Amino acid sequence: MPGSDRLTPDKYHIPQWLGDRAVRRFHVMAKPAGSACNLDCAYCFYLSKETLPGGPGGGHMGDEVLERFVRDYIQGVTGDEVVFSWQGGEPTLLGLEFFRKVVTLQKRYAKPGQRIQNDLQTNGTLLDEDWAEFLKENRFLVGLSIDGPRDVHDHYRVTKRGAPTFDAVYAAARMLQRHGVRFNTLTCVHRFNASRPLDVYRFLRRELGASYLQFIPIVEFRGFETTPPQNWDPQRLPGVGTPQAKPDHPDSVVTPWSVDAEEYGHFLSRVWDEWLARDVGKVLVNFCETLVAQHMGVPSQICIYSEFCGKAVAIEHDGSVYACDHYVYPAYGLGNISERSLGDMVFSPEQVRFGYAKSDVLPAYCRRCDFLSDCWGECPKNRLLRTPDGEPGLNYLCPGLKRFFAHAVPTARRMAEKARP
């Protein structure tokens with residue numbers, strides 16, 4: 001586990017009384033179709049899981065595993081809400097009947113007074129009227145993957161035969177709107193669209209009519225298919241600002257479709273400005289909202305900007321559980337629900353150690369940064385560089401994040417001050 005050589009077991013021991021009496025909240029991202037997908041997006045980090053040595057392999061979640069998962073998850077969370085997140089791969093490949101079983105099982109095992117919520121992340125291409133009616137009736141929140149206007153979206157998001165998918169996704173968005181299904185957009189920021197922030201944002205906001213926008217950066221270590229995060233050779237990581245820290249270099253540390261760090265900072269800054277000028281109070285943009293919230297003293301709404309992680313695990317189709325959906329590798333396996341409860345796995349010493357390591361192994365360069373409490377080193381999977389002092393563990397996106405925070409934090413502070421009672 002990351003940083004495990006620096007941590008003592010006692011620091012992360014979870015006393016039995018705490019596990020029994022405390023309110024236990026955690027989140028599970030379910031992959032019921034595994035890595036199976038009807039698309040072949042160039043930047044997808046999950047398609048390779050099917051052939052990962054020692055990994056979950058291919059397959060669909062069977063009835064026995066599904067029932068055990070639903071029952072165990074509801075029993076394990078002692079808070080007043082349980083959120084089921086269905087992702088992939090492409091979860092709609094399992095068909096409506098699978099999700100009707102999901103809802104039936106949730107009703108069967110729900111505790112009195114407990115809210116059960118579902119969200120479904122989908123590429124949208126398999127949705128039809130029956131799906132829309134089901135999603136509306138059962139109050140699913142849909143995350144629709146779309147990377148921007150047609151030419152941007154179709155650059156990477158294509159079918160197995162290389163055909164474009166924009167028309168199908170756009171039609172799915174319109175259908176969800178007609179049926180009153182709540183949905184947000186999930187846009188990957190990559191090498192091709194990072195230079196067009198306003199084209200992307202204005203399309204999503206003005207043409208598609210989305211009011212909740214999520215943006216995630218594509219950063220993939222070259223060799224991510226088989227090499228788990230933090231298992232790379234730290235001595236071979238390039239220094240920040242070197243040519244190898246750019247996606248276009250032949251010896252780059254990242255894949256060619258990964259976003260350029262400086263361009264990512266520009267993208268965030270321009271979207272922030274557009275949101276401030278036109279959409280504050282009308283549109284939720286994930287990184288904008290959480291920046292203001294953090295300056296109001298509210299914990300980050302996005303895991304990557306939290307001080308710690310580890311309470312959001314992933315479950316695969318076969319019931320195997322992993323530290324995070326970006327850490328679905330044998331090295332980060334926590335067990336299987338056929339042998340161990342979700343609660344035991346999430347609050348186990350090894351998973352608590354994984355979560356605290358995000359902060360514990362930050363380089364000194366990060367700890368001295370003016371924006372430490374805005375960033376907390378971003379996602380550990382992206383810590384692919386060496387600091388100017390040569391220390392490994394600097395986030396690949398650091399130059400871009402610094403650019404964005406320098407641009408946005410002064411305004412975020414003023415907004416937070418005005419919002420306080």
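Nothing here was measured: the structure is a model prediction, and the numbers come from that model.
- Across every non-hydrogen atom of N395 and G377, the tightest pair is ND2-O, 3.0 Å.
- A salt bridge does not link K101 with E97: none of the charged nitrogens is closer than 4.0 Å to a carboxylate oxygen.
- Using bins of under 30°, 30° to 60° and over 60° for the plane-to-plane angle, the ring pair Y156/F192 lands in the perpendicular bin.
- The aromatic rings of H153 and F166 stand perpendicular to each other, their planes meeting at an angle above 60°, with 30° marking the opposite boundary.
- The side chain to side chain donor-acceptor pair (under 3.5 Å) pairs that include a residue from residues 131-148 are Y43-D147, Q121-S145, D147-H190, where partners are two or more places apart or lie in different chains.
- Taking the six-membered ring where the residue is Trp, the centroids of Y396 and F221 are separated by 6.0 Å or more.
- Checked by atom type, the side-chain pair E129/H179 shows a donor-acceptor distance below 3.5 Å.
- Ring to ring, F140 and W86 are not that close: their centroids are 6.0 angstrom or more apart.
- Closest heavy-atom contact between T159 and L39: CA-CD2, 4.0 Å.
- Of all non-hydrogen atoms in A173 and L208, the two that sit nearest each other are CB-CD1, 3.7 Å.
- Using modelled atom types and a 3.5 Å distance limit, the side chains of Q214 and N184 yield a donor-acceptor pair.
- There is a side-chain donor-acceptor pair under 3.5 Å between Y201 and D279.
- Residues D374 and Q294 share a closest heavy-atom pair of O-NE2, 3.7 Å.
- For the pair M61/V102, no side-chain contact is recorded, criterion being any heavy-atom separation below 4.5 Å from C-beta on.
- In this structure, a donor-acceptor pair under 3.5 Å is absent between the side chains of N193 and H155.
- In the model, N123 has no side-chain atom that pairs as donor or acceptor with a side-chain atom of T165 under 3.5 Å.
- Of the inter-residue distances, the one linking I304 atom CD1 with T290 atom OG1 reads 9.0 Å to the nearest 0.5 angstrom.
- Annotation for F267 and A194: closest pair CD1-O, 3.5 Å, computed over non-hydrogen atoms.
- Within a 6.0 Å sphere centred on CZ of R236, heavy atoms belonging to other residues, nucleotides or ligands number 12 at most.
- In this structure, the ring of F69 has its center less than 6.0 angstrom from the ring center of F84.
- Considering only residues two or more places apart in sequence or on other chains, D370 meets the side chain to side chain contact (heavy atoms under 4.5 Å, CB included) condition with none of them.
- Contact detail for K31 and D325: the closest heavy-atom pair is NZ-OD2, 3.4 Å.
- Side chains of P228 and Y327 form no contact here, defined as non-hydrogen atoms less than 4.5 Å apart.
- Ring centroid separation for the pair Y73 and F26 comes in under the 6.0 Å cut-off.
- Here L276 pairs with W272, V280, T411, M415 under the side chain to side chain contact (heavy atoms under 4.5 Å, CB included) rule; sequence neighbours left out.
- Between E81 and R25 there is no salt bridge, since none of the side-chain N atoms of the basic residue sits less than 4.0 Å from a carboxylate O of the acidic one.
- A salt bridge between E90 and K160 is absent, with no side-chain N of the basic residue lying under 4.0 Å from a carboxylate O of the acidic one.
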